[in-house]
Amino acid sequence: TCAPDYYRWTQWIFLQFLEAGLAYQKEAAVNWDPVDQTVLANEQVDSDGRSWRSGAMVERRLLRQWFLKITDYAEQLLTDLDKLDGWPERVKLMQANWIGKSVGARVTFKTKDDQDIVIFTTRPDTLWGATFMVLSPEHPLVESLTTEAQRAAVETYQKEAAAKSEVERTADDRSKTGVFTGGYATNPVNGEQVPVWIADYVLMDYGTGAIMAVPAHDQRDFDFAQAFGLDIVQVVFAPDADPVEAAPLAEAYSDNASGVLQNSGPLDGLTVPKAKKRVIKYLEEQGIGTAQTTYRLRDWLISRQRYWGVPIPVIHCPDCGTVPVPEADLPVELPEDVTFAGRGPSPLAKLDHWVNVDCPTCGTPAKRETDTMDTFIDSSWYFLRYCDANNDQQVFDKGKVNDWMAVDQYVGGIEHAILHLLYSRFFTKVLRDRGLLNVDEPFKRLLTQGMVQGMTYKNPVSGKYIPSESVADPSHPMDPETGEPLEVFYEKMSKSKYNGTAPGAVLAKYGADTARMFVLFKAPPEKDLEWDDADVEGQFRFLNRVWRLVQEFALVEPKPAANELSKAEKDLRRAIHTAIKDVTEDFEGDYQFNTAVSELMKLSNALSDYQDKASAVYEEGIRTLIAMLAPFAPHIAEELWQAIGETESVHRAPWPQVDPDALVVDEIPLVIQVMGKTRGTIQVPSKSDKAALEQLAKESELAQRY
RNA sequence: GCGGAUGUGGCGGAAUUGGUAGACGCGCUAGAUUUAGGUUCUAGUGUCUUCGGACGUGGGGGUUCAAGUCCCUUCAUCCGCACCA
């Protein structure tokens, strides 16, 4: 994605976004990584407020930046999750959470001097219970609402809030802080005067930055009211049979299911769901509010003050404003004659000959945009380019993309749940709406594979991690210095925890085939894998057994195929074809390679136990085993394939096919239960009808005994 | 707090539509081979047992001839989101 013949098209796609009105600049309080000296998208800041890349605490800065309007696609990105049957529920939920849809209403409260305070609420049915309002400290109306008596307190609070980071403001500590502005507003449904407060738990960038507070029915509002003695609690719904009074309320009453509205004018007597519908109509009739849906998803900030990235292909002209670079001038290449001065501002900004250009529209001197794009842009469409990777005329051929897409199976880590996987869905939908392709969703099936974890020794007293080499007796691990017993557990590998495994050492000792077999066998692909040297040994043993089995077989002179198979031969043949069936199903289904490997082991065991090594069925078994081993242990399988006299590569050999006849059994063990208890089995002909089976069961020794 | 997932031997994990729970592997026990250790091979390995059996898939209850699987309830662990109005 860093090659100009790729990012040329990344820039072209950016221009498509620009043309569609989906790329724009705005000044906003953004996430600034002080270590990498760049801004970051919301998705790239973890819940502790740290940069996904540098790990530094992110600061807020007011900067003019480029954004992509992913919010325009919030609803589609949410509803189309239902189409993704092949995705883990967990990932879909994380995306739904991140998009954060809330359905409710905007309602306008009036101040004394007739200014509008617009609030957003998901509970417009509780409007009659609103007894105060809270604005975000940054809310533009705070200044005019604040009375002289309260001004000092309000300004102090605003300063404190501004100094706090987003994380501090939303930290675990739920104790409420806030200040009364001295101002009042009118509740539009009942004309009550309600005091207006400011508090930092109300966030300027969600909803409208202002809320109505309903202490009787919202626990946060209740807590706030208690903390500040706002004891006007108006109850507006209650269980029908058990009206709740204001006075004894110990906590907010928020059981919506059984509530019936009271003290609420036109809503009285309605259930909560009905009141929610009715109130919207009422607000609209009265001209005081409308239905509204909000999303937590924010537009995607894509500007980066980094050198390594795709230059944003626009030119800033003093006369024409922001002008896109004409398609014919793409790519805007990253200059190579830059000077890096450690960490600091992007070196692009200092490169005058690159920055200074003529405006493509009017020809007057202008300046290039020096920000580059978030690298997640590059990876949001590469799967489309894969369909037509060498096209130098267009981004990709529509026919080819429609033919190949969507991706049948995507494999990736859970860490991309709300990053790459959301961005790629967004890009696919935008490019579809630009008429460039016909698919709605890029990835049909998603497998989030687990991580490899290492065996970790930790002294629970000192908290120190101990390298495994220092542990003398692994069955009773002790701290070599203090003799204290150690905790043993599995955790993500890390140098500081001495729990890593050097792949080179494993490969040198056992070979790549063993390592691969171990990884596939140890756990199903979506689960974390606990690296255990003893299990690696186990795989090594298995491959050695197969090796010996084939070497022994190579010395035997096989007999020609018999017309009539003995019972032993039939049994072996059934084992062979059961293995083919099961391994094939593991490949075609959910990639449960752990059970596929175990099927290979079973087949190997069956062959190992089989006496007549010269039988043609035995030979079939050996050939089948090697052929099915090939995808798991390609080197050994190739070697063994030659050992049995083949000259072509095993990897070109056809995959073994199931012979349904081989799976048929003449006799099956029938489970006998007497009075609901399993008592044993009897052998019965597999083609018996119900009456015959009942007869056999009644005559059986088990039936006599119980 | 909200949402989701998962609970099966000493361990990792298997078990089609409800039909012999614990496949396969690790580990462990005993024996054989070996000067010894390792390797390799054989047998055993859910718990209890008066050797007849009984019990057993986090706990409790239910449906069924039959439940790891279906229903109700409860507990625990992990993950995501979290003052989102």
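Residue numbering restarts at 1 for every chain, and letters A, B, ... go by the order of the sequence lines.
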Undergrad: Could you grab the distance from atom OG1 of A/Thr456 to atom CE of A/Met493, nearest 0.5 Å is fine?
TA: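 Going from the OG1 atom of A/Thr456 to the CE atom of A/Met493 covers 8.5 Å.
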Undergrad: Determine which nucleotide pairs with B/G3, using a 3.5 Å limit on both distances of a Watson-Crick or G-U wobble pair.
TA: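 Result: B/C79.
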Undergrad: Pick the C1' atom in B/C65 and in B/A5, then give their distance to the nearest Å.
TA: 34 Å
Undergrad: For A/Pro524, which contact category applies under a 4.0 Å heavy-atom criterion: base, sugar-phosphate, or nothing?
TA: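 Sugar-phosphate only.
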Undergrad: If you find the nucleotide of RNA chain B closest to A/Asn97 and the one closest to A/Asp221, which residue's nucleotide is nearer the 5' end?
TA: A/Asn97
Undergrad: Side chain of A/Arg90 only, heavy atoms from C-beta on: which candidate in B/A85, B/C24, B/C79 is closest?
TA: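 The answer is B/C79.
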Undergrad: What is the separation between atom CZ on A/Phe222 and atom P on B/G1, rounded to the nearest whole Å?
TA: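 That distance rounds to 17 Å.
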Undergrad: I need the A/Asp582 CG to A/Gln592 CD distance, nearest 0.5 Å.
TA: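 So the CG of A/Asp582 and the CD of A/Gln592 are separated by 12.5 Å.
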Undergrad: Does any nucleotide pair with B/A85 by Watson-Crick or G-U wobble geometry, both distances under 3.5 Å, and what is it?
TA: none
Undergrad: CG of A/Asp532 versus P of B/C11: gap in Å, rounded?
TA: 13 Å
Undergrad: Within the pair A/Arg296 and B/A82, is there a side-chain N or O less than 4.0 Å away from OP1 or OP2?
TA: yes
Undergrad: In whole Å, I'd like the distance from the CE atom of A/Met94 to the P atom of B/A82.
TA: 10 Å
Undergrad: Looking only at side-chain atoms of A/Phe120, point me to the closest of B/G25, B/G13, B/A85.
TA: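 So the nucleotide nearest the side chain must be B/A85.
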Undergrad: Heavy atoms only, 4.0 Å cut-off, all strands: where does A/Gly100 land among base, sugar-phosphate and nothing?
TA: nothing
Undergrad: Within 90° of 0 counts as syn, otherwise anti: where does B/G9 fall?
TA: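 The base of B/G9 is oriented syn (glycosidic angle within 90° of 0).
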Undergrad: Between B/A76 and B/G59, how far is it from one P atom to the other, in whole Å?
TA: 15 Å
Undergrad: On the nucleotide B/A23, are OP1 or OP2 found under 4.0 Å from the side-chain N or O atoms that A/Asn594 carries?
TA: no
Undergrad: Work out how far the C1' atom of B/U42 is from that of B/C48, and round it to whole angstrom.
TA: 28 Å
Undergrad: Check the distance between B/A14's C1' and A/Asp586's CG and give it to me in whole angstrom.
TA: 11 Å
Undergrad: What contact category does A/Ala523 fall into here, base, sugar-phosphate, or nothing, at under 4.0 angstrom with non-hydrogen atoms?
TA: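 Since no nucleic acid heavy atom lies under 4.0 Å of A/Ala523, the category is nothing.
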Undergrad: In terms of the nearest nucleotide of RNA chain B, which residue is placed more toward the 5' end: A/Glu599 or A/Thr595?
TA: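 Result of the comparison: A/Thr595.
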Undergrad: Could you walk me through whether A/Leu84 and A/Leu446 pass the side chain to side chain contact (heavy atoms under 4.5 Å, CB included) test, one step at a time?
TA: CA-CA 9 Å; A/Leu84 300 175; A/Leu446 172 67; over 6 Å; no
Undergrad: Strictly by Watson-Crick or wobble contacts shorter than 3.5 Å, is anything paired with B/U34, and which nucleotide is it?
TA: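 Looking at the geometry, B/U34 pairs with no nucleotide.
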Undergrad: Where the side chain of A/Asn187 meets the backbone of A/Trp128, is there a donor-acceptor pair that is under 3.5 Å apart?
TA: no
Undergrad: Which nucleotide, if any, forms a Watson-Crick or G-U wobble pair with B/U39, using both distances under 3.5 Å?
TA: none
Undergrad: Could you tell me which residues satisfy salt bridge (charged side-chain N to carboxylate O under 4.0 Å, His left out) with A/Glu526, sequence neighbours excluded, listed by chain and number?
TA: none
Undergrad: Output yes when at least one side-chain N/O atom of A/Ser598 is less than 4.0 Å from OP1 or OP2 of B/G13, else no.
TA: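 So the side chain of A/Ser598 is outside the cut-off, no N or O lying under 4.0 Å from OP1 or OP2 of B/G13.
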Undergrad: Can you name the closest pair of heavy atoms from A/Phe120 and A/Ser102 and give their distance?
TA: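 Answer, listing the atom of A/Phe120 first, then A/Ser102: CZ-O, 3.8 Å.
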Undergrad: When the C1' atoms of B/G58 and B/U6 are considered, how many whole Å apart are they?
TA: 11 Å
Undergrad: For B/A21, what is the paired nucleotide under Watson-Crick or G-U wobble rules, both distances under 3.5 Å?
TA: none
Undergrad: Rounding to an integer number of angstrom, what distance separates B/C24 and B/G44 when you compare their P atoms?
TA: 12 Å
Undergrad: Excluding sequence neighbours, so at least two apart, what forms salt bridge (charged side-chain N to carboxylate O under 4.0 Å, His left out) with A/Asp116?
TA: A/Lys110
Undergrad: Taking only the C1' atom of each, what is the distance from B/G18 to B/U64 in whole angstrom?
TA: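 Their C1' atoms lie roughly 9 Å apart.
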Undergrad: Rounded to whole Å, please give me the gap between CG in A/Leu520 and C1' in B/G13.
TA: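 It works out to 15 Å between those atoms.
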Undergrad: Just jot down the ring pair (Phe, Tyr, Trp, His ring centres under 6.0 Å) partners of A/Phe518, sequence neighbours excluded, or say none.
TA: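 For A/Phe518, the residues satisfying ring pair (Phe, Tyr, Trp, His ring centres under 6.0 Å) (neighbours in sequence not counted) are A/Trp531.
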Undergrad: In whole angstrom, what separates A/Leu529's CG from B/G25's C1'?
TA: 13 Å
Undergrad: Determine if the base of B/G52 is syn or anti; take syn to mean the glycosidic torsion is within 90° of 0.
TA: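 You should classify B/G52 as syn.
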Undergrad: Which listed nucleotide (B/A82, B/C24, B/A85) is nearest to the side chain of A/Ile211?
TA: B/A85
Undergrad: On the nucleotide B/G13, are OP1 or OP2 found under 4.0 Å from the side-chain N or O atoms that A/Lys527 carries?
TA: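 For A/Lys527, the contact criterion (side-chain N or O under 4.0 Å from OP1 or OP2 of B/G13) is met.
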Undergrad: How does protein contact run along nucleotides 38-43 of chain B, one letter per nucleotide 5' to 3', with B for base contact, S for sugar-phosphate only, - for none, heavy atoms under 4.0 Å?
TA: --SS--
Undergrad: Using Watson-Crick or G-U wobble geometry with both distances under 3.5 Å, which nucleotide pairs with B/A66?
TA: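 In the structure as shown, B/A66 has no Watson-Crick or wobble partner.
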Undergrad: Expressed as a whole number of angstroms, how long is the span from A/Met455:CE to B/G27:C1'?
TA: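 After rounding, the gap between these two atoms is 11 Å.
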Undergrad: Measuring only the C1' atom in each nucleotide, how far is B/A21 from B/C55? A whole number of Å is fine.
TA: 13 Å
Undergrad: Run the salt bridge (charged side-chain N to carboxylate O under 4.0 Å, His left out) test against A/Lys613 and tell me which residues pass, sequence neighbours left out.
TA: none
Undergrad: For B/G27 versus B/A66, give the span between their C1' atoms, rounded off to a whole number of Å.
TA: 35 Å
Undergrad: Rounded to the nearest Å, what distance is computed from the CD atom of residue A/Glu537 to the C1' atom of nucleotide B/C24?
TA: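 Spelled out: CD on A/Glu537 to C1' on B/C24 is 18 Å.
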Undergrad: Are the side chain of A/Asp221 and the backbone of A/Val214 linked by a donor-acceptor contact shorter than 3.5 Å?
TA: yes
Undergrad: For B/C55, which nucleotide in any strand shown is its Watson-Crick or wobble partner with both distances under 3.5 Å?
TA: B/G46
Undergrad: Could I get the full list of salt bridge (charged side-chain N to carboxylate O under 4.0 Å, His left out) partners for A/Asp535, not counting sequence neighbours?
TA: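 A/Asp535 satisfies salt bridge (charged side-chain N to carboxylate O under 4.0 Å, His left out) with A/Lys522 once adjacent residues are dropped.
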Undergrad: Which one is paired to B/A14, where only Watson-Crick or G-U wobble pairs with both distances under 3.5 angstrom count?
TA: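 Across any shown strand, B/A14 pairs with none.
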